[in-house]
Structures are given as structure tokens and as C-alpha cells.
Amino acid sequence: MTDGSIWSVAPLVLLGLAAILAMVLAPIQPTPRVRIAAALPMALAVIILLARLGAPEAPVSMLLADDGMARLGSALAAAAGLGILSFTRTICTGREGPALVAIAAAGGVALASANHGATLFLGLELTTLPMVALALMPRTEAAVEAGYKLFLIAGVGAGALLMGLVFGFGASGSLRLDAWSVDGPVAAIGLAFVLVGLSVKFALVPFHMWSPDLFAGAPAPVGAIAGSISKVAVAIAALRIGLSLPAPEIWTLGLLLAGGAAVILGNLAALRQDNLLRMLGYSSIAHSGYIALVLSVGGELMGETVLVYVASYAPAIVAAFAVAGLMGTGTRLEDLRGLAWSRPLAGVALGVALLSMAGLPPAVGFVAKIYLFSTLAGEAAWGPLVIAAIGSALGFAYYLRFAVRIFTAPRQPAPRATLNRADAVAMAASIALLITLGLYPEPLTSLVAASLP
Amino acid sequence: MTALNILLVLSAGLFLAGLFGVAARRTLLMQLISLEVMLAGPALGFIAAGAHHGSIEGSAMFILVLGLAAAEVALGLAIYLHMRRATGGDSDAATRLRG
Amino acid sequence: MLAYLLLLVPLPPLGGFLLLALDPYRLDRRPVLALSLAAGIAPLVLFLPLAIAYFTGAVGDMIAPAFTLNFGQYEVALAMQLDPLSAIGASTVTVVASCVMIYAADYMSGARVADLRRFFALMNLFQAGMLSMVLAADSIVFFLGWELMGLCSFFLISYNMTSPRAFAAGQKAFVMTRIADAALLAGLLLLFLEATSVRMDELIPAGLAAEESRAAIIAVLLLVGALGKSAQLPFQTWLPTAMAGPTPVSALLHSATMVAAGAVLLARFAPLIEATPGVAAATAIAGVATALFGALCAIAQTDVKRLLAYSSISQIGYMLLAVGMGAPGVAMAHFVIHAFFKSLLFMAAGVLSHAGGGSTAIEKLRGTAYVAPISFATYTVGAAALAGFPILSAGWWSKEAILGAAVEAGPFGQFLWLVALGGAALTGVYAYRPVLCALRKPLHDAPKGHESWLAVAPLIFLAIMSVLGGYLVEPIIHEMGGHAPHAGLGIEVMGALAAITGLIGSVAVTFIPSWNARIKRARRLRAGMQMDAIYYAFLVRPYRRIVRLLSGRDGRLGKHIGEGPEAQEGGMGDPVGTATVVFGLWLARVVTAPFMPDRFDTVIMRGAREAQRAGLWTRRLQSGRLRDYALGFALGLGVLVILGWGMTWG
Amino acid sequence: MGLSLQILLPFFGGLAVLFAPRFGRDYERYGTIAVMALTLLVLIFSALNGDSGRWLQLVQADWAPSFGIQVLLAMDGLSAAMLAISSILGIVCVFISWEVTHRSAMYHAVICWTVAAANGVFLAFDLLVFAFFWELMIIPAFLLIGLWGHGNREHAAMKFLVFNAVAGLGLLAAVFWMGATAPEITFDAFVLSEAGYSTPVQVILLLGFALAFMVKLPVPPFHAWLPDAHTQAPTAGSILLAGLLLKTGAYGLFRFPPLLFPEGLMAVAPYGMALGAFGVVYGAILACGQVDAKRLIAYTSIAHMSIVLMGVCGGVHFALAGAGVEMIAHAFSSSALFLLIGALQHRTGTRDLRELGGLQKTAPAFATSFAVFFAAALAMPGTANFLGEALVITGMFQVNWAFAAIALVSLVVSVVYATRLIGAIVFGKPKSETAVFEDLKPYELWPIIALGAGTIVFGLFPQVLIGWLRPAIDAALLPLGVGAP
């Protein structure tokens, strides 16, 4: 256990500590104080991760990888966790909310640095089960139903992942991801099962059914976790698998089919949505589709594109959900009218988030779009390029439909609701992140280039 | 067909049976039960692969699968209690969230 | 060190202009008059000692550099110089200008203070311009003075703001002189390119050294410049109409100084003119033709100021003839003498017309001789000098010098001499008409007017100069380096005879009713051979039609393209502008034709509707029943596993 | 540092001015004057201790290296003159719109932003940044005409926007093509100038650039937007439009074609001069036919700027010097004329020449100042306009006598429309509108005196101006292989 490896496992330990602290303090302290107790170790974990970005690799064991991808992924997951903590209010997620969010963040970190079948499976489950629990917390009928749907489909997904690991283990005799051999039917079937397992968590078509209902029914933090922590972690796990296996056909073909379908279906369905959360759900499916397309196309820019895309999507989705959490789960299009004038910070935060997701210049989403299209064009993958182009066009339509509504004149002067400080900080931080990176993308691009082999 | 392959096919069979149970049975309880059946498939598979390759990882994974099954049972029953009041245990009735 | 005094000469009038125009101290009537007189006479006071020192040889030629500019490789040094031409010119200008200023002080006393201030500001500015033009040692200061005179003449002619006729006259004068100025500028710039320097003493040798065709073009351009400003034949129509300005203006600008500037220009560049024989001949012919034309038209005039205007045109024709014959000195001599008697005539005519009830018609002058005897006497002396009354008047000497120069210039010169002689005779006819008319009995006896000494003093001085000026002709010619022409007794006798016949003709025309009637009927002659009408028909009206056509004033071409309600019917007609807009709209229509809104719209709308329907269909896919989700899952799993397995068979 | 301040100061000054009215009445006006004065001071400071080499000041910093964009600002005599004019005109605009109260905070902010964008154009040497500022410049001008104009301002503003935006496309296309095909993606003008394109390619690129510059210049046939824009724009708008935006077109023509496409320019120059010559005559003739005073001055601007085009395409030392001087002289004289006509319209409510007249009697100060700029309009020697035109004509004599003759014709026709203008406004009997006409107020008189002084001083002592422009002219002529005259 050299001190390097201690530092490498420190973030996971800190997150676990945060979860335990939150669980212990939950019954005796009021939730805001619990949240702070959970937030401190998580913040420390994020700082350590960012500090060690350049440090030499020191994996603590074969289970957890410690390369740049893992560190950046974990940092994003932990940061997203911090963001989500800021709007986990007692009314919608009960006293155990912060604890569950901390567990989910720990799961995300584990999944992002999973190098072994076991950590892959554990990480996946650690992110899913807290989401189910969180979804059930409000005990309303819709929340329970959303929770149940997520529980069942995720359970089936976990089963499929396990079958994949079994077949992989059977074929190659080892559960280490980079040791998997690709030839032979057993390995191929194993890979198919693993792909299905990940696609469920990634919400690619046809395994996406749980996602819109969860986003709409469950409280805001759940959707935020699904949108940011789990998406980031799964994307990096899939990236690691993709990078370590020498060009498996089923993997790329599967991703291509599922990703393409996700882009088309996600955007089409989102076009007519009036409910903000359901629209975000479907658009999250579409964004997973874009990442899947990039993973299927491959090429030397793949790693950078996935990381930049994920890094630009996470703050946007957290900001969007922070505002959604403030506005309540049933916010329809009309409720957003004049939001920028009645609640300036929330309005601008949601507006900038939507602009970034649509990929328009001032926000960092534009840089992500540039990377996406240059990768697809670079590899002359005309099919995915056309699909992505149509997807973005449709994306403009529904994102701007909501964004424009925010900046229209308010019908009646809505009361200026007070934001609690944590919310305000989260929104301000995400706006700053999205805009500065959008205008001056240099730090992000150099960070990402450094973290890839 | 080596011994491993036969056992792998058997575990896949178990998995597919569970999946069928989830897709076919209407009542919540049966769906939970078939979920557990489905998890039995990989458990068998891990034991078989572990035995075939003579590596302890198989049984380690088996124990993990058991842990997951236990967790899922706890959560499933909690959801079942809630759902029973609202939809009388019928999963098809729980269609408030759609579209 | 005396050279820098030169630079000071044009400054006082410039200072006077600034003080009067900007009027920082709100001066009222008396200080304004005092200031303008001081500023007007200061150059005379400053320049006279210099001129005397120069003429008596105490001081040689000198150049006072003002400041230097460098354009890239060129060193451009602006400067003033004192040489025979500038000394003579400047002294004449200062003397005449002072007289006119004094006269104007009395003549304009009736005007409002604001108008008075404006009048004297412009008169001072004009004097500054004329002096800088005459004294200039380089082409830039020369052209600056030249244009400044043009500007002042425009403002002074249209001094009487409210009358549209004055403004029209001013505008015509300015436009016509500007055409000539453009030619002059072209000539000066070509010379500058030739000599890569601006100084006169370098320009002229460079012009001479230039190759044949270029030198000819430059000379022609300079000639055209001179013709324009001096209202010679092609450009003479603006001077008669310029009489709409007040009398002092006509006295200073349109008789003595500005109009004669063309002669000064040609005298300055005489070597260039003489270098190309063709151009010299052209100058002479233009001079003589204008002299004849001016004399003829002057005879038929009924208004004394227009008569004097035409006489100015013809007298300057004589100067051009002299320069054409290669005797710039003679031209300058005539310039000096002409300046004296012509300004005298204008001023005296002004007083007489005031005495005769204000109108300047010759008929109205009947009997004014007895009302204003002194100005009448001075007018007679001036008229005698104009007609070239033998021996007694200065005009005779300078005219004889010109005729002599013509005779000495060979056979071609002798032919021109004959024509000039005829002109001299005609001059005699028109010169005495106002005098004789003033001598006739007044229709109704007017009381003897009081002539203020302020107005009369300059007249008397100028009258004396018109008589004694003859002695100046010889020295001026020598000063300018030419030799006084001795054409022999016969030529001089012929000249005297011409003058006498002129006098007799004038008496006949005024007193013999039939001749007098014929003159009154000579309408075409009176209108200056309708040159004005011809110009208007062939130049001005077509130009106006083009302008109206282009700017769409008459609506033919000027229909508006989408101009808003406030479209004034003028303006927005310009075809090229509308053409681009029309082309742009047409292009837009053609490019988007296949996507015409209806067709394009349907395509988009259909696409949009498809998307909506697909959206609704996908939403139905999301049934909400968990078992359907599980079914979807199973299908997906099945497809992927079978695909995976299938692929490994290959 | 001084250079980037030239752009940032007015920009953030504009923002500050937006909130200035909160602190007190008219604070936005004093604020704008302060901002403009400060920019001028910074300019003078950085120009004075600039180094003596080709560029007075040069600032180079990376902005987005992965896309090859960098902040590359350079200033030499020419751009210093232009920057000085933009600040001075900024102050003049504030003075004369002292009675504008309709949304005056935004009004002054827009003035600041126009100046900021124009300063950007005068300084940027990274082609993409140049194109960025070029497009940015249209927006404040569009707002100025659209929001505060008279009559049918929407139509005029829209026409202005369409013309300039479409023209901007030509510039953008050329810039992007050059940036993309450069060995490693860069938009640095100096690097691209050594790119060594073949002549036909240079001609095409030059046409792209020239399209944008010629519309902004404006030269017929791309001039249709100017008369409408001027007639509907508020006085400050006209001044900024005439004094500043037209100069950016001329500056662009002066700076980039010789630097980037020397052979292309040599090939196209004769056609450029021909177009300029046509523009001169066409503008002058149209000016004579106008009824609306502002429209008349707009067409005179077209004539004067066509002379600048002829000068720039002349490719001879004199022609370029003349073009430079004419640019600056025109900035002074046309802004002053617009100011006077604006004041006139403010008092009498009309610009129609047929209803004006007789101001000499009622407003002598107005009449005398009008006379000064009347002299400048017809290029009277002693004013900077004459110097500009005389130099261009000398240049044309060295190149082609026909163009020189046409330029001389413009001198004559300028008298016709100038006398028509002064005749209709100052001479004649006072009509009903001009009967009661209080004279120029101090805040209108001071700008007039400043502009008049500028015209006369540069007319009599052009040495200062020519000295400033010399390095720019020599640099522009170097690639054309034209040694000093």
C-alpha cells in the first residue's frame, strides 16, 4: 500500500465516510446540517481527485483502476453528487436523502474506476439501489410506481450484466475487464449481455422505458443522479471496456443500433413534451444515444469526445434539476413563462443549461457538439453523422421552446420565492462553469487530453 | 459440448425463465419471485465457471449475487407493501406514469 | 530680413476678416467701419515702402519662405516672393483696394450692421486672397489665393441675400470660374509632377524642359484657367450678370483685380506660353476676339454697369493680346492703368446713379453731370483714359504700347493690330456714351446733390492716376524686362485717329435719334450675342434634365421600391441604387423560388407534422405498464445475444 | 495594454452608462463624455510613446489556440488617426444629442458600443476577430437608426442591416477559407500575408473582402442603403454613420488588400478606379437632384468616398496619401454638415430644401458655420478636403489621365450641389418655418468649432496628417513593388 495508492483509494473511502456520517446523523440532526456533514468529505474527495489528475498511476488493487479517465470520471461523479446534495430537501427525500445521495456518489466513483467485473457490478448496483430508495421516499403513488419500475427493470438489467460476466468469466477464465478474450461464441454472448446491462443504466433504446417515468414521477435528486452520476460513470465504464477490448463487432454494432435509436426516439418523443422533467428525461436518452454513437464509431478522438461531452452535460443536467426541484415535479411549459424576470438566478440557470444541452455557442455544450461532429466526420461515419445532425436539429426545437418561454414577459408578477443558499450556490456555480468553459474552452480540452493515454 | 458449456446453457435457461416470469405474470409478488429466480441463473453460472477454471473468483461472485438478491428482496417487499394499498398488487394497474 | 515683411502684407486683411466674420466682441457700426478701413489700407501702408525700395533698386528680388511640408520624397516649400511682376501687381492691388474700401465706407453706410460686417469681412478676405495670389512664389499659395477670390466673389455677388437674382448670378459666376479653376489646377499639378517641386522658379524651367506634347497641354490648361477667371470669350457670360452685386464689389473685383488676375497668371507663366507658338497665337486671337466682342456688346448696353462690365472684358482682351504677342511687360502696364481708370469709372458711375435716382440705366443719368459735378468730371477723365484719348490720358500710352507690340510681332501681329485698332475705335464709341448722356438736360431738374468727401477723394486720386499714369507705362515695361515698342509715327497717328473717330461715333450715337434708336433695337447685341441663352440651351438644360432623370424628380424613372409613406417625390429615384435593390430582391426570389413559402412551407410543415405524429407514436409506446417494459427488454436482449452469437459463426 | 483598452473602455463604459441615470440626471451624458475622453487620452498616451518601428503598438495574445484565433491588435499612424476621430465624434455625438430624452441611457450606451466596435475594426489584425468586429459594428448602428430614427426608420434600418450583413458574408467566407486552408489553422493577417496564394485565388479572395468594404464605403451600385439610413437616422446616428462607419470601409480597403493580396489588387485596380470614377460622377449628379438636405449630403459622401476608392486603387504614393487625407477630412466635414442639418431639422421640423431659406438674417452664427463647411464640401483650398482631392488627382495623373479628368469634374460638380445647398438654406427670404429660429446653442457650437478647426488646420498644415499616414502608406505600397515616388 504505497502512499500513492492510499491517495488513489482515498476518494472512495471519503465518500463512504460521507454516507456513514449522513446515516448516523440523519435521525438526530436537522437535514441541512446533515447535508453539510455529507458535503464536506465529498468536497475533499473532489479536491483530492482534481489534485491527483497529473499524478502517476497507483492502483490500490486489480479491482479499481487509477488512470486519468477514472480520476476525471470520479471527480465529475463526486462533484455532481455535491451539486445534487444542495437540493435534496427533507420534504421530498426524507431525512435519509443526503445519505442515499452520498452512497450513489460512492457507487458512481466505484463504477467509473471499475477495472474488474465485481467492481463493475457493485458500482452499478450501488448507484441504482439508492435511486430506487430515494424514489420511494415521498411515498406518493406516482413516486412509488416510478420507484418500482426502476427497481424491476434495473434488477433485470443487473441480472443481464451478471450473465454477461458469467459468460465472460467462463470464456476467459478471469473477471478482469482488460483480460477478456473476444473470439468464440461464449465471449461474444457474454459481451452482448454486458452491453444490455450497461444499456439499461445508460437508458439506451429499447432498455430506456424506465427513464421518462422515473424523471417525471420521482423527486428531482433521483433524476439528477440518473442524469449525471450514473450516466457519467456508465459512460466511462463503457469507454474503458471499449478501449481495452480490440474492436469487438457486437460491441460496436450494438452501441450503434441502440445509440442511433436512442437519439432518434429520444428527440422525437421530447418534441411534444409539455412537462419539463419528462422532456429532460427523453433528452437525457438522446444524449446517451450521442455518447453511444461516439463509442461505437471509435477513432483516436473518441476518448476526448466522451469525456468532454460528459463533462459538459453533467453541470447542465444538475442545474436543470436544481431549478426543477425548486419549481416542483409537475412544472409544465406555461409555468416557466417569465421565470427569468420573477426568479432571475433560477431562470438564467435553466436557460443556460438548456442552451448548453442544445449545443448553442455561449455555453460549453457548443464545444461538446464540435467534438461530437468532428469525431463522427473524422471517422467518415456518415450514418451516425446524419442521425446526430437530425437529432441536434430536433433538439434545437424543443430546448429553445422551453428556453424562449423563460425569457418572455411574465403574465402576472409571480412572487419572488426565496432560494436557500445552497441552491443559489449550486446554480451560480453551474452557470459560471457552463459559460466560462463555453467562451474559453482551453482548460477543459487540455485537462481531457492530459487524462487520456 | 464441454461440461462448462452445458452448465452455462442451463444458467442462461434459468435466467430466461425468470425474465419470462417478470414479463408474463401480472401480480407484483410473482414478478418479485421470478426476479429471484432470474438471479439464480448467474449464481449457478459463476459456480460452474469457477469450478471449470479452478479459480476462487467464481464462488466470491456467487456470494455477491446472493447479497444482491437479499437486498433486492428487502426493497421489493417494501415496494410491494406500498403498491398493494394503491393497486391491489396488480402491476398492470400501476400505469399513472406514461406517454 | 525685409523679406518677412512680405509675409505680413496679406495678414492684416485676413485678421480683419476673422475679427469681422466671427465678431467675438459684438462691434457696432462705427468700430466695424474703422476696423475694416484699417485692415483694408494696412497692406498699402506695409507694402509701399517695400515697393519703392524695390523700384529704386535699393532691394533686389527676394523670397520669404512660409513653411515647408514633405510629401514622401517631395519637399514642398510655401513662400512669398518679391519680383517685378509681384511688386507691380501688389502695389496696384493695394492702391485700388484702399480707394475702393474708402469709397465703400461711404457707399455702404446705409446697410444693417450685420450686413456691413459681412460685406467688409468678405472684401478683406478677397484682398488677402488677391495679394497672396500675386505675391505667391509657389503654385500652392497661388492656387489658394486664386480659389479664395472665387469664393469671395460668390459671396459678394450674392451679398444682397434676399434677391434670388443675385444668388443665381453668384452661383453662375462661381460655377463658370470653377470650371476654369479645375483646368488651372490640372495644369499646375502636371507642372508639379514635371518639376517635382512647387516653386515658380523651378516650375517654369521644368515646364520649358518638358517634352513637346506635355508642355503644350500644360500651356493650354493655364490659358483656359486664365480665360475663365478673366471672363474671356468662352467664359464671359458670368461677368455681366455679376453686376447684380453692389458697386464697390464691381469696382474692386470685377474690374481691377480679380477679373485681371487671368492676365497676371499669363504674365507669370509667360515663358511657358511663348514656348509653344500655337498657344501664344491662341492667346492673342482669344484676346483680340474678346476685345472686339466686348466692345461691340458694350455699345448696345443700356445699363452703365453692364457697359463697364463688357468694357472690362474687352480691355483684358487687350492684355491677353499683349501676352500673346510675347510682351508680358506691356500687358502688366495696361493691367495697372486699366485697374486705375476702370475702378474709377465704376465708383463714379455708382455716385452718378445715386445722384440720378438710384437706377444704373444710362437714360436715368441725364443731367446728373450738374447734380454731382466732381464725380462727373472724374468719370469723364476715366472715360477718356478708357477710350485712349491721345497723349492726355494714360490709357492712350498703354494701348499704344499694346498696339506697338502687336505691330512689332511680325505679319500675323500686324493683322491682329488692325482688328485691335477697330476695337479701339469701338471702345471710343461706347466709352463716352454715359458722359454725353449725363451732359444732356435733365428731364426734371433735380437739386444739386451733396457729394461726401469720403466718396470723392478716391475718385480724384484715381482720376489723377488715370492721367499721369502714362508716365508709368515705360518704366513698368522696362521693369518687366520687355522693351518699349517703337512702332513708328504712322502707327501712333493711326491710333490717335481711331480714338478720335470713336469720340465722333459716340457723339453721333447719343445725339442722332436714328442711330440712337438702332442701338436701342440691337437686343441680341445687348444680350451679348445671346451667348447666355445658347449656354443655357446646350449645357445647363441638358444637365438639369439628366439630374432630374437620375434623381427621378419627374417621376418617370423614379417610381419607388417599397419606400415608406414619407417618400418625397424627389430623391429615391437613383437608378443604380434601385437597380441593385431590384436585382437583390429578384435574386432572393429566384433562389428561394423552389422553396416558395407555400411549397417550402408544406415540405417543412409536412416534416414537422411527421415528427409530431412520430412523437405521439413513441409516447404511446411508453404505455406505462411494466410488463411491456420487460417485454421490450426481453426483445432487445434477444436481438443482441443472437446477433452476438451469430457474428462469431463467420 | 493601451490598445485593448481602446476597445474595452468604450464597451464597458457603455455598460456603465446604461446604469448611470440611477446616480443622477444627465449622468449618462457626462459618463459617455468621460469614457470617450479617457479613450482619447489613452490613445494619445500610447501613440506618443509608441516605438518608432512599423507599428506604434502591437499586442499579441492567445484567445483560442485550438481554433487558431488570437488577440492581435496593432496600431500605426493611420489607425491612430481613425481611433482619434472615433473618440472625437463620440464626444460630438453626446454634445449634440443633449435633448434626446427617449431612453437616453440606452442611446448613449449604443453610441459607446458603436465606437467600441469601430475601434475593434481599426485595431484587429486577426482576420476572424476583424470579421467579428465588422459584423458587430452593424448592430449598434442598426439600433441607433431603428429605435431613435425619424419617419419610416424600420425600413431604413432593415435595408442597412440586409445590405451590410449580406456583404459581411463575402468577408466571412474569404476569411474562413483562408484560415482553413492555411498550413496550420491560423487567422493571423501577417502569417496569411506570406501564404502566397496564386493570383486568380487572390482576386477571388480580394472580391470577397472588397464586397464587404465597398458596401460599407459605399460605392455605387452598393450604395442604396446610405441615403435612406441617413435620412431616417437621428443626428448622432448620421454622424457616427458618416464619420465612422464609412471610414471603416475605407480603412479596410486601405489596409488589407495590399497586405494580403498584392497581385490580386494590381489586377483589379483599374476596375476599382473605374468604379470609383463612376461613383464620383454619379454621386455628384445625384446630389444635385435631391430635395432632402440630408439625402443630398449622403450622396456627396458617396462621391467623396468614391474618390477615396480611386485613391486606394491608384497604387501610387500620392493617391494613397490623398485617400488617407480625404478619409479624415470627410469625417470632419460631413459630420459637421449632418450636425447643422440635424440642428436645422430639430428647430424647423423639416429637411426639405424648398421650405427652408433666409437663415442669414435670423441665425448669423448658423450661417457663418454653414459657410465654413460649404467651403469644405466644395473642396476649397485651405480645407483638408481640397488637399485630399488634389493629392488623389496628382496620383491619378501619374496613373491614368482619364481618371484624373473625371476627378476634376467632381470638383466642378461639387460647386453646383454645394451652392444649391447653401442657397436653399442660408440665402433667400426667411420662409414661415425659418422665421423664428433661435441661433446655435453653446452645446451645438462647440462641436462645430472643433470640427471646423480640424478641417482648416489640417487644410493649412497637412504636415501633421501626412506624417502620421506615411508609414501606413509605405507599408501598403511595399508589397505592390511600388517604391517611393
Side-chain angles (χ1 to χ4, degrees), chain A residues 116-118 121-122 124-125 128-129 132-133 135-136 139-156 158-176 185-186 189-190 193 209-210 212-218 269 272-275 278, chain B residues 2 4-5 7-8 11-12 14-16 18-19 22-23 28 31-32 34-50 52-55 57-58 60-62 64-65 67-69 71-72 74-76 78-83 85-87 91 93-99:
Chain A
H116 182 277
F121 163 62
L122 267 180
L124 201 69
E125 282 317 302
T128 321
L129 295 183
V132 172
L136 298 177
R139 294 184 182 76
T140 62
E141 205 178 306
V144 168
E145 186 187 317
Y148 176 63
K149 284 179 183 171
L150 171 62
F151 165 75
L152 200 84
I153 296 292
V156 169
L161 181 73
L162 284 173
M163 280 311 292
L165 293 178
V166 161
F167 275 82
F169 184 47
S172 64
S174 134
L175 272 170
R176 290 178 56 81
V186 173
I189 293 169
F193 270 104
M209 307 279 191
W210 57 272
D213 297 351
L214 179 77
F215 274 68
R272 295 298 298 154
Q273 288 304 341
D274 277 350
N275 180 331
R278 268 194 105 72
Chain B
T2 64
L4 176 64
N5 285 6
L7 284 173
L8 285 181
S11 69
L14 267 175
F15 175 79
L16 290 180
L19 184 59
V22 163
L28 274 169
Q31 286 183 334
L32 288 179
S34 46
L35 193 64
E36 295 315 317
V37 165
M38 199 164 59
L39 282 179
L44 170 64
F46 272 118
I47 296 297
H52 175 71
H53 290 292
S55 88
E57 284 185 348
M61 284 305 286
F62 170 69
L64 271 184
V65 168
L68 167 70
E72 299 231 332
L75 261 178
I79 296 173
Y80 175 66
L81 289 180
H82 277 289
M83 295 288 278
R85 239 184 289 107
T87 57
S91 82
T95 58
R96 166 191 289 279
L97 295 169
R98 63 180 181 283

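Note: A:Y148 OH to B:L28 CG = 4.0 Å, rounded to the nearest 0.5 Å. Expressed to the nearest 0.5 Å, how far CZ of A:R176 lies from CD of B:E57 amounts to 9.5 Å. Note that NE2 of B:H53 is 6.5 Å distant from OG of A:S172, once rounded to the nearest 0.5 Å. Note that CG of B:L64 and CD of A:E125 are 10.5 Å apart. Values are rounded to the nearest 0.5 Å. Rounded to the nearest 0.5 angstrom, B:L68 CG and A:L122 CG are separated by 9.0 Å. Interatomic distance, B:L4 CG to A:F167 CZ, rounded to the nearest 0.5 Å: 9.0 Å.
Of all heavy-atom pairs between A:V144 and B:M83, the closest is CG1-SD, 3.4 Å. Between B:L39 and A:L162, the shortest heavy-atom distance links the atoms CD2-CD1, 4.0 Å. Residues A:G159 and B:P42 share a closest heavy-atom pair of O-CG, 4.1 Å.
Both the backbone and the side chain of A:F169 come within contact range of chain B, with heavy atoms under 4.5 Å apart. For B:L8, the parts sitting under 4.5 Å from any heavy atom of chain A are the backbone and the side chain alike. Using a 4.5 Å cut-off between heavy atoms, A:L136 contacts chain B through its side chain alone, with no backbone atom that close. For A:I189, no part sits under 4.5 Å from any heavy atom of chain B, backbone or side chain. With a threshold of 4.5 angstrom between heavy atoms, B:L44 does not approach chain A through any atom at all. Only the side chain of A:V186 comes within less than 4.5 Å of a heavy atom in chain B; its backbone stays farther off. Residue contact with chain A, scored on non-hydrogen atoms closer than 4.5 Å, involves the backbone and the side chain of B:A12 alike. For chain B, no part of A:A154 is nearby; none of its heavy atoms comes within less than 4.5 Å.
A perpendicular orientation is assigned to the rings of B:F15 and A:F193, their planes being inclined by more than 60° (bins at 30° and 60°).
Here B:G76 is the residue among B:G76, B:A71, B:G67, B:G18 with the most heavy-atom pairs under 4.5 Å with chain A. Taking chain B as the reference chain and counting heavy-atom pairs below 4.5 Å, the highest number among A:E145, A:M209, A:M163, A:E141 is found for A:E145.
Residues A:V132 and B:I79 meet the side-chain proximity criterion, which asks for heavy atoms closer than 4.5 Å.
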